[in-house]
Amino acid sequence: MSKKVRVRFAPSPTGGLHLGGVRTVLYNYLFAKKHGGDFILRIEDTDQTRYVAGAEEYIFNCLQWTGLIPDESPAHAGKYGPYRQSERKPIYRQYAEQLVKDGHAYYAFDTPEELEKMRSDFKTEHNPSPQYDHTVRKKMRNSLSLTDAETKQLLDAGTRYVIRIKMPENETVSFTDMIRGEVSFDTSVVDDKVLLKADGMPTYHLAVVVDDYLMKITHAFRGEEWLPSAPVHVLLWKYLFGLNEMPQWAHLPLILGPNGKLSKRDGAKYGFPVFAMSWIDPKTNELTEGFKEKGFLPEAFINLLALLGWNDGTEQEIFTKEELIEKFSMDRVHSGGAKFDYEKAKWFNHEWIKKSEAGSLKSEVRSLFSTNGINVDDDNLLEKVIGLVKDRCTLLTDFVQQGSFFFQQPQQYDLDAIKPKWNDAKRKFFESFTEELNTIPEWKSAFIEDAFKKLAAIQNIKPGELQLPLRIMLVGGKFGPPVFEIAEILGAGETSARMNKTLSLL
RNA sequence: GGCCCGUUCGUCUAACGGUUAGGACAUCAGAUUUUCAUUCUGGUAAUAGGGGUUCGAUUCCCCUACGGGCUACCA
């Protein structure tokens, strides 16, 4: 009987959660749910110098919005807590010490200045970034280059030190990646990564292995940028817990911007969101707009992210979360990086808005209206309006432009669209049409249209020439649903008022 | 520089040795719509290059080129 699937997403709470992060969450979540497993959120906050207020709460908000809710996390109690690495600090040291004892790691006393000196001393044209590896470790101050007595003395004196992994000199480390197949590395070109920092906190390398073990993680998915350090993690598994216990790895392809790995900068530069939700940097107060605030539906956001690097082998592109759970499989994840295409992202959103029920869009649209100064109290009217205009909305924010004229008079009139062909005959038509409004048998679009056309025929004007002016009068611009349906919703009084108002402007 | 990963239309991708190389976004043209969208029809557009293996390579192998990632007491 195989073990229960357990996967984790382990972000570092240092700022906005971007596309790639959410996609990693998504693939973790889908995989877990598909296999009836657990999805764990673990906060990787081992770098105290990078603490950012509010970042953790922000991550929870993003998960809430996307609907990818963890089974275990700092906010969802589980048996394997704590789920914040800073609160697990005491756990890690013993493993690092164990490695030293077994000869797989060592104490290093080099100060930051000494490390910097080493890098500049060894730096050459051929080797622009020297590593702390088997070729230099003997020249540094550590328990490998010093005698046991010297080491003990330094330790006893309370000298600051780190624990580094001792990479073997000539081994090939390989493992099978679920997406890439077998990947192998020569250990002689991997450096002696720090495992335990001078402040007693583990680095990512130690923490990820220890926590994945302790939390019984069965499958570990992360971005491709982690691939180069995978041999360190594999070795740590081998030394500490045995390779049989190691989770199966999958390194997800990167999501690229126009120039390499997608970054916050790309968003600002090319005008599309990168973060799931808006993020305000507490230090600079700089606001970075998110997909949510830009007007994306969470369903669409998840859908487009899922398809960025995965497909189910058919030509289907629109998937609900349930369908994704059912159909997702890691072996259909593409191995190459994917360039993010904002145009296609918008298409997904448009599709989702079109297929959404007007009722389900109501609360979002209502709050959008209210932030734009329009308070809607008629629920039925709102739903009717949404149903009428949603095909024209690519982003949720488009509802403001497409729908607000139903609730308030247009702020501006595109009179230039009328003026060139305006004449006294048309003015006369509208004046008499305004007066005839109350003779229309029932205030329904068909009757209104009928009366409109009859009057046009009597006055010998082509109705086509009158429809655009009518639209401008009611809507303010050249957009919106069929004009007589608008009039129906507006009501006779308002329709007449808007016609008169515009007439006075012409 | 070194190491690792990758490479099918502009973009996301399908084709797990045999297809007229398929779909979607974008784009262009047309139809519908007396606004704008929606909808519909059609078009342009790709296997990076060179060697192998094979009766046959988009598909397998090698080399080159290109792209990307990593190269911190950051994750």
Side-chain angles (χ1 to χ4, degrees), chain A residues 10-14 44-47 49-50 85 108 110-112 115-116 119 123-133 160-164 177 179-180 183-186 188-191 193-205 207-208 222-231 251 253-254 256 259-261 304 307-318 331-332 334-348 350 354 389-394 398 401-402 414 417 462-468 470-472 475 477-483 486:
Chain A
S12 177
T14 52
E44 306 243 348
D45 56 350
T46 54
D47 187 353
T49 65
R50 294 215 299 167
Q85 289 181 332
D110 317 275
T111 63
L115 289 173
E116 203 172 306
R119 291 198 184 96
K123 185 171 175 174
T124 62
E125 204 177 306
H126 281 293
N127 186 11
S129 38
Q131 306 199 98
Y132 198 121
D133 61 16
R160 283 174 74 83
Y161 67 91
V162 301
I163 293 179
R164 285 180 182 272
D177 187 277
I179 295 171
R180 288 151 219 286
V183 183
S184 52
F185 300 83
D186 179 352
S188 65
V189 294
V190 181
D191 63 333
K193 291 256 185 286
V194 170
L195 265 20
L196 197 73
K197 302 187 253 192
D199 65 2
M201 277 288 194
T203 59
Y204 172 83
H205 307 294
V208 72
R222 64 197 345 179
E224 190 187 342
E225 70 268 30
W226 289 105
L227 210 40
S229 54
H251 290 87
L254 260 17
L256 276 8
N259 313 295
K261 192 161 81 164
L304 72 93
L307 273 282
L308 209 51
W310 172 87
N311 71 84
D312 75 338
T314 73
E315 281 168 5
Q316 184 176 350
E317 297 207 86
I318 302 298
D331 55 354
R332 286 205 64 91
H334 201 243
S335 52
K339 202 174 285 182
F340 176 65
D341 181 357
Y342 188 49
E343 293 306 316
K344 182 125 189 192
K346 285 192 289 191
W347 174 81
F348 273 108
H350 194 185
K354 281 191 287 178
V389 306
K390 68 188 171 80
D391 281 6
R392 283 154 237 266
C393 297
T394 298
D398 293 338
Q401 144 96 331
Q402 292 292 334
D414 182 5
K462 283 193 211 132
E465 304 234 327
L466 297 163
Q467 264 196 45
L468 185 63
L470 177 61
R471 171 173 299 279
I472 303 295
V475 176
K478 284 158 68 172
F479 61 89
V483 71
I486 295 171

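In the text below, chain A, chain B and the rest are named by the order of the sequence lines, each starting its count at 1. The basis for the numbers below is simple: all heavy atoms, side chains too, and nothing from hydrogens, waters or symmetry mates.
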inquiry  = Taking side-chain hydrogen bond (donor to acceptor under 3.5 Å, both in side chains) as the definition, give me every residue that meets it alongside A:Lys462, ordered by chain and number, with sequence neighbours left out.
reply    = none

note = Across all chains, not counting sequence neighbours, the side-chain contact (heavy atoms from CB on, under 4.5 Å) partners of A:Asp341 are A:Glu343, A:Lys344

ask   = Who pairs with A:Pro128 by side-chain contact (heavy atoms from CB on, under 4.5 Å), at least two apart in sequence or on another chain?
value = none

request  = Report the residue (A:Asp186 or A:Phe340) whose heavy-atom-nearest nucleotide on RNA chain B is the more 5′ of the two.
outcome  = A:Asp186

ask   = Using a cut-off of 4.0 Å on non-hydrogen atoms, how would the nucleic acid contact of A:Thr14 be classed: base, sugar-phosphate, or nothing?
value = nothing

message = Test of understanding: with side-chain hydrogen bond (donor to acceptor under 3.5 Å, both in side chains), list the residues that count as partners of A:Tyr204, not counting sequence neighbours.
response = A:Arg222

message = At 4.0 Å (heavy atoms only), tell me whether A:His334 reaches a base, stays on the sugar-phosphate, or touches nothing.
response = sugar-phosphate

key: Those residues that, when tested against A:Arg119, pass side-chain hydrogen bond (donor to acceptor under 3.5 Å, both in side chains) (two or more places apart)   = none

remark   = Residues passing the side-chain contact (heavy atoms from CB on, under 4.5 Å) test with A:Val483, sequence neighbours excluded, are A:Gln467, A:Leu470, A:Arg471, A:Leu474

query = Reading nucleotides 63-75 of chain B 5' to 3', which nucleotides get B (base under 4.0 Å from a protein heavy atom), which S (sugar-phosphate only), which -?
reply = -----SBSBSBBB

request  = Let me have a per-nucleotide readout for nucleotides 22-29 of chain B, 5' to 3', with B, S or -, counting only protein heavy atoms under 4.0 Å.
outcome  = SSBS----

task = Keeping the roles fixed (side chain from A:Asp414, backbone from A:Lys478), state whether a donor-acceptor pair exists under 3.5 Å.
result = no

task = Only counting residues at least two apart or in another chain, list the ones meeting side-chain contact (heavy atoms from CB on, under 4.5 Å) with A:Glu116.
result = none

task = List in chain and number order the residues that pass side-chain hydrogen bond (donor to acceptor under 3.5 Å, both in side chains) with A:Asp391, two or more places apart in sequence or in another chain; answer none if no residue qualifies.
result = none

Output a table of nitrogen or oxygen pairs between the protein and nucleotides 32-34 of chain B separated by less than 3.5 Å.
| unit_1 | atom_1 | unit_2 | atom_2 | d |
| --- | --- | --- | --- | --- |
| B:U34 | N3 | A:Gly464 | N | 3.3 |

message = Using a 4.0 Å heavy-atom cut-off, does A:Lys346 contact any base of the nucleic acid, only the sugar-phosphate backbone, or nothing at all?
response = nothing

remark   = The ring pair (Phe, Tyr, Trp, His ring centres under 6.0 Å) partners of A:Phe348 (sequence neighbours excluded) come to none

